[in-house]
Novice: 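Got a structure for you, questions after.
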Amino acid sequence: DGGITQSPKYLFRKEGQNVTLSCEQNLNHDAMYWYRQDPGQGLRLIYYSQIVNDFQKGDIAEGYSVSREKKESFPLTVTSAQKNPTAFYLCASRMTSGFYEQYFGPGTRLTVT
Amino acid sequence: DQQVKQNSPSLSVQEGRISILNCDYTNSMFDYFLWYKKYPAEGPTFLISISSIKDKNEDGRFTVFLNKSAKHLSLHIVPSQPGDSAVYFCAASASGAGSYQLTFGKGTKLSVIP
């Protein structure tokens, strides 16, 4: 089955530690995205990548970093510089140009204490 | 400044009746609009979309209406079913930007009462 996987579903970290969230897709999609969702808020774009080895900052990139070494993978690192890291993180992907629909993974709930 | 607004945080509807979810946008460059449905602790799933060259798009029980002059779109669900209870997000994109980024509203929580 084609789809987007995010692991783990729940992640707990101590304040001050960096943590990397996994996102893998086997849909052969070119573009991948990371969003953050907070209670009562919409989805806010953190980073996106339209091709391998290239990525751009979204609206709230501060305190986050990404890499895109393979088409299938787009990991997100939440660094200790992110002031409010506890949130629900969603990864999405999209086909090539001309298609707007993004398809989402199941999400990772990160709790930092 | 919110470019996509869903002014109703919640909506309750009786099973079998029509659900109407509304969305307003401010950016005149937006020319493609999407609706997503989301259950708690899950990723959003794509429901239906509409291009600015149309004013209506229908898919089964779901219909999206676009009023460009009012910068307003709405999602109609007929008939509403208990399984439709979820948070619905409106999203918009500007094709001229080239990045196909989506800008999301804050969502409307729909509760369908049996």
Side-chain angles (χ1 to χ4, degrees), chain A residues 3-11 21 23-25 27 29-51 54-61 87-111, chain B residues 1-10 21 23-25 27 29-54 57 59 64 66 73 86-109:
Chain A
I4 302 173
T5 57
Q6 292 185 245
S7 59
K9 181 69 175 176
Y10 299 96
L11 192 54
L21 280 61
C23 177
E24 303 279 332
Q25 55 99 358
L27 300 166
H29 286 177
D30 291 303
M32 297 186 74
Y33 304 79
W34 273 106
Y35 292 90
R36 167 183 174 140
Q37 186 192 14
D38 295 284
Q41 300 291 319
L43 280 63
R44 293 184 290 168
L45 182 64
I46 304 172
Y47 267 98
Y48 66 100
S49 168
Q50 300 197 83
I51 56 173
D54 188 45
F55 47 83
Q56 284 78 40
K57 294 181 179 180
D59 300 320
I60 55 166
F88 189 53
Y89 290 87
L90 288 157
C91 178
S93 68
R94 179 181 60 80
M95 290 177 67
T96 55
S97 296
F99 292 89
Y100 292 86
E101 292 81 6
Q102 295 179 18
Y103 295 90
F104 286 82
T108 293
R109 173 71 185 176
L110 172 65
T111 303
Chain B
D1 182 35
Q2 268 195 286
Q3 298 186 67
V4 177
K5 300 179 184 178
Q6 294 178 258
N7 292 319
S8 298
S10 62
L21 296 96
C23 179
D24 297 294
Y25 61 96
N27 188 341
M29 299 301 293
F30 287 149
D31 56 4
Y32 200 85
F33 305 89
L34 306 89
W35 284 94
Y36 283 84
K37 174 181 180 179
K38 186 181 181 300
Y39 294 117
E42 292 185 12
T45 54
F46 169 70
L47 266 181
I48 192 170
S49 61
I50 188 167
S51 164
S52 61
I53 63 173
K54 295 185 175 182
N57 189 27
D59 184 0
V64 56
L66 175 63
L73 62 155
V87 176
Y88 289 79
F89 289 99
C90 171
S93 184
S95 61
S99 64
Y100 298 89
Q101 285 186 53
L102 297 181
T103 300
F104 286 84
K106 292 188 176 183
T108 295
K109 183 177 182 180

Novice: So what's closer than 4.5 Å to chain A heavy atoms on B:Lys38: side chain, backbone, both or neither?
Specialist: side chain
Novice: Can you see which heavy atom on B:Phe30 is nearest to which on B:Ala94, and at what distance?
Specialist: CD2-N, 3.9 Å
Novice: What distance do A:Ile4 atom CD1 and A:Gln102 atom CD have between them, rounded to the nearest 0.5 Å?
Specialist: 9.0 Å
Novice: Can you name the residues that form a ring-ring contact (aromatic ring centres under 6.0 Å, His included) with B:Phe89, not counting sequence neighbours?
Specialist: none
Novice: Would you check if B:Tyr32 and A:Glu101 make a side-chain contact, meaning some heavy-atom pair closer than 4.5 Å?
Specialist: yes
Novice: Tell me, out of B:Ser93, B:Pro44, B:Cys90, who's got the most heavy-atom pairs with chain A below 4.5 Å.
Specialist: B:Pro44
Novice: With chain B as the partner, which of A:Leu43, A:Leu90, A:Thr108 has the greatest number of non-hydrogen pairs under 4.5 Å?
Specialist: A:Leu43
Novice: Please look at A:Gln56 and chain B and tell me whether the side chain, the backbone, both or neither of the residue comes under 4.5 angstrom of a heavy atom of that chain.
Specialist: neither
Novice: Sequence neighbours excluded, which residues qualify as side-chain contact (heavy atoms from CB on, under 4.5 Å) partners of B:Asp59?
Specialist: B:Ile48
Novice: Tell me, for B:Leu102 versus chain A, whether the close heavy atoms (under 4.5 Å) come from the side chain, the backbone, both or neither.
Specialist: both
